[in-house]
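The structure appears below as structure tokens.
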Amino acid sequence: MVGIALNGIQKSFGETRVLNSIDLQIEEGEFLTLVGPSGCGKSTLLRIISGLEAQSAGSVTIGDRPVDGVRASDRDLAMVFQSYALYPHLTVRENMMTPLRMRDLGFWQRLPLIGRFLPGASGKLEGMRKQVNETAEVLKIEALLERKPGQLSGGQRQRAALGRAMVRRPVAFLMDEPLSNLDAALRVHMRAELTELHRRLNTTFIYVTHDQAEALTMSTRVAVMMDGDILQLDTPTNVYSDPANLRVASFVGSPKINVLDGRLDRDGVVTVMNHRLQRRVPGATPQAVKVGLRPEHLRLVPEISGLGEYVGTVRHLEHLGSDVYLHVVLSDGTTTAIVRSDPDHAMGIGHGDTVRIAETRGAAMIFDAAGDRLPFEPVSESAPVSSKTQEVA
Amino acid sequence: MNMSSYHYLGETWKHAILIVGSIVVILPFYIMLSYSLKSPGEIERNEGGFFGSQEMMIDERCAKLREPDQAAIDSARQRFTGLSDSEIYKALKAEIDTECSVRPIIFNYTKAFSEAPLLRYLMNGVIVTVSIFVVQVIVALPCAYALSKLRFRGREFVFGMVLFCLLIPVHAIALPLYIMLAKLGLTNTYAALVIPWTISVFGIFLMRQFFMTVPDDLIDAARMDGLGEFSIVWNVMLPTAIPALLAFAIFSVVAHWNDYFWPRIVVTGNRDLFTPPLGLREFKGDADGSFFGPMMATATIIVTPLIVAFLLAQRKFIEGITLTGMK
Ligand SMILES: Nc1ncnc2c1ncn2[C@@H]1O[C@H](COP(=O)(O)OP(=O)(O)OP(=O)(O)O)[C@@H](O)[C@H]1O
Ligand SMILES: [Mg+2]
């Protein structure tokens with residue numbers, strides 16, 4: 001169990017810059033997820049950590065050992081690939097034996113037929129076989145050990161690939177979208193299993209995904225990457241509720257956060273759609289800003305109550321069983337906002353209806369023109385901040 | 001006419017053309033097999049159908065060799081007391097004819113083996129084709145791996161050269177090759193038969209195309225497991241490439257087993273090095289011209305191993321072809 005440190009990692013493929021100076025401290029035993037849109041450089045970063053790809057600049061340290069220029073297999077890491085990458089001609093047992101054979105047996109001992117009769121080989125083989133069996137037991141794949149990958153289902157292959165990574169007890173697991181070839185139900189199940197496995201093994205996991213649900217549910221910390229930079233590195237909760245900038249806020253959360261145009265005046269007061277936010281931005285220069293509001297921070301209020309900051313027309317309804325998401329074109333005619341509601345409240349609302357929408361106090365997030373978050377003034381006693389007492393109609 | 005009868009007509013045409021095509025291909029084969037079964041007379045007169053009548057025939061050479069001379073007649077006089085010389089001659093002749101008469105099929109096939117050391121030739125054929133194939137694989141797999149999975153400067157250029165080499169016909173470079181081998185004193189050796197074919201650009205090309213379809217993740221996984229590049233080639237790529245290799249094996253083995261041109265050039269005189277096609281020459285140009293039967297029997301024996309091997313490997317072979325996208 002060791003930490004991994006990345007210092008100023010850069011990577012270019014020819015002219016194209018893929019990673020711009022990444023600094024990252026990965027703690028011992030942590031489950032760190034690299035998440036970001038396709039092509040942002042997650043896999044490249046993971047491959048640099050693994051040693052399969054050489055960085056253009058910067059250094060990787062595993063524990064206290066700088067591993068730049070160290071071969072992938074000598075870094076004592078294990079990797080799980082999206083396509084599982086099991087050896088198709090070997091049984092699951094042989095697949096799992098391979099990393100052990102390569103590490104523990106000498107050249108002559110690895111030779112077919114005669115290798116096993118060389119001094120020391122049989123004892124080692126016995127030990128290796130035991131390790132494979134133990135791992136298989138943990139993953140519940142004992143029954144599959146004698147099968148070849150072609151005879152396994154996707155989920156079983158996934159486990160076998162995990163098994164091959166686990167047998168050699170690496171200092172860290174690197175996983176590149178290991179669940180994305182599974183069907184939705186199995187993916188959710190495997191999420192829970194991986195979390196459980198992480199808890200049991202107590203080893204560092206570095207997990208790459210473009211699926212934010214995976215990132216948010218499994219990780220200790222999430223690194224949100226975009227265009228070769230880590231935009232934010234924080235706990236899943238903070239990445240969601242306290243994003244550092246607009247791109248993170250937009251990437252994390254499904255459905256996406258609503259972004260409304262607003263104005264910040266000299267006093268730090270934000271006006272959005274003719275409505276003034278109560279909290280103020282300290283030390284602000286007047287400028288156009290973006291106001292972020294998550295769908296769950298908006299709610300429908302009855303037409304007659306006259307309450308609610310926004311008015312709009314329903315364009316589309318998404319029924320998800322427990323929730324209903326309403327896509328509403330606001331009164332300015334251009335901005336579309338997504339509002340979460342429960343089925344009871346949304347009952348009877350249809351396409352083209354006019355609705356009034358209230359926002360949860362204290363939930364709005366302000367971003368400047370560059371997309372950086374502008375913090376609100378610390379909450380003072382006098383200001384009525386959060387609306388814990390929700391005035392739902 | 002409705003759609004289905006149009007369709008029917010189209011199918012008929014297709015089949016007619018295919019049948020004509022297959023007759024063109026099969027006919028020489030049919031003749032080879034048929035001649036290898038028939039007696040010289042039947043071949044000459046073109047009768048007897050496929051099998052011939054298989055009536056006892058007289059081996060002309062055997063009869064000629066034993067032609068009774070005066071000494072034979074003298075020594076036989078005791079057995080045939082009271083007969084004139086010409087009568088004894090006739091009786092002896094009749095005896096010899098019965099001794100020398102055989103069934104045509106047996107005649108043809110025993111002659112194939114007795115007239116020339118056919119077994120030796122077959123063994124030479126095996127030695128040469130197998131060594132060519134093994135060395136070709138040893139060369140082609142690492143090349144194909146490098147060309148498909150390793151990133152290095154000039155890779156595309158090297159691959160371009162490989163494609164270019166595919167265009168060079170062997171006959172064009174036969175002479176320089178021969179001169180080189182002669183200068184090295186290698187003519188009339190197995191080496192001369194094997195060395196020029198050890199680098200197969202076709203093999204490199206075929207395997208490279210196959211390796212392109214092997215996911216990079218598999219190679220990365222092997223690297224993580226601690227396999228070196230060389231052992232990736234032999235322990236990971238080779239086993240996954242078996243179908244493609246089998247396809248290549250058939251191309252290579254058939255080409256070199258049947259090759260007449262090159263062995264004819266570098267093997268001069270030394271019959272111990274003759275490959276099966278050279279063996280066929282033993283039957284050519286006999287003045288009596290009636291040796292077609294044994295010759296065709298030899299030809300049949302030569303192609304049989306290929307056909308058996310193909311039938312055994314058939315399924316994998318076709319798999320291999322489709323995998324490499326050659327169809
Ligand atoms: N070998 C390579 N040569 C050139 N460019 C490459 C190479 N590998 C990756 N890239 C480029 O680097 C960028 C990052 O690729 P990377 O595979 O790291 O993306 P990713 O974040 O893993 O995306 P995904 O979620 O789709 O897997 C991409 O724009 C890609 O085109
Ligand atoms: Mg990727």
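As a basis for the values below, the full set of heavy atoms in this structure was taken, side chains included, without hydrogen atoms, waters or symmetry mates. Sequence lines set the chain letters: A, B, ... in the order given, protein chains first and strands last, and positions in each chain run from 1.
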Taking everything shown except [X] itself, do over 12 heavy atoms lie less than 6.0 Å from its [atom1]?
X	atom1	result
B/Phe29	CZ	no
A/Leu111	CG	yes
B/Phe164	CZ	no
A/Trp108	CH2	no

Next on the checklist: Heavy atom to heavy atom, less than 4.5 Å: which residues from residues 73-80 of chain A reach chain B?
Outcome noted: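 Within residues 73-80 of chain A, the residues that come under 4.5 Å of chain B (heavy atoms only) are A/Ser73, A/Leu77, A/Ala78, A/Met79.
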Next on the checklist: Can a donor-acceptor pair be found, under 3.5 Å and without considering hydrogens, that links the side chain of A/His89 to the backbone of B/Ile242?
Outcome noted: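 Here the side-chain-to-backbone pair does not exist.
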Checklist entry - How would you list, by chain and number, every residue that makes a salt bridge (Lys or Arg N to Asp or Glu O under 4.0 Å) with B/Glu11, sequence neighbours excluded? => result B/Lys14
Checklist entry - Considering residues at least two apart in sequence or located in another chain, which fulfil the salt bridge (Lys or Arg N to Asp or Glu O under 4.0 Å) criterion with B/Arg153? => result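 Applying salt bridge (Lys or Arg N to Asp or Glu O under 4.0 Å) to B/Arg153 gives none.
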Checklist entry - Between A/Arg103, A/Arg71, A/Arg168, which residue shows the highest count of heavy-atom pairs closer than 4.5 Å to chain B? => result A/Arg168
Item to check | 4.5 Å side-chain heavy-atom contact, B/Leu218 and A/Tyr84 | outcome: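 Side chain of B/Leu218 against side chain of A/Tyr84, heavy atoms only: no contact under 4.5 Å found.
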Checklist entry - Any luck finding a side-chain donor-acceptor pair between B/Asp225 and A/Thr98 under 3.5 Å? => result no
Item to check | Nearest non-hydrogen partners of A/Ser83 and B/Asp217, listed with the distance | outcome: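 So the minimum-distance heavy-atom pair works out to OG-OD2, 2.9 Å.
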Checklist entry - If you take all heavy atoms of B/Arg223 and A/Ala72, which pair is closest and at what distance? => result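 Reported closest heavy-atom pair: O-CB, 4.4 Å.
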Next on the checklist: Please enumerate all residues that pass side chain to side chain contact (heavy atoms under 4.5 Å, CB included) together with A/Arg147, with sequence neighbours excluded.
Outcome noted: A/Leu144, A/Gln151, A/Leu152, A/Gln156
Item to check | Approximate separation, where rounding is to 0.5 Å, of B/Asn235 CG and A/Arg101 CZ | outcome: 8.5 Å
Checklist entry - Say you draw a straight line from CZ of A/Arg110 to OG of B/Ser231; how long is it, rounded to the nearest 0.5 Å? => result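 A/Arg110 atom CZ to B/Ser231 atom OG measures 7.0 Å (nearest 0.5 Å).
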Checklist entry - When you check the gap from the basic side-chain N to the acidic O, do A/Arg47 and B/Asp220 get nearer than 4.0 Å? => result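 Here A/Arg47 pairs with B/Asp220 in a salt bridge, since their nearest N and O are under 4.0 Å apart.
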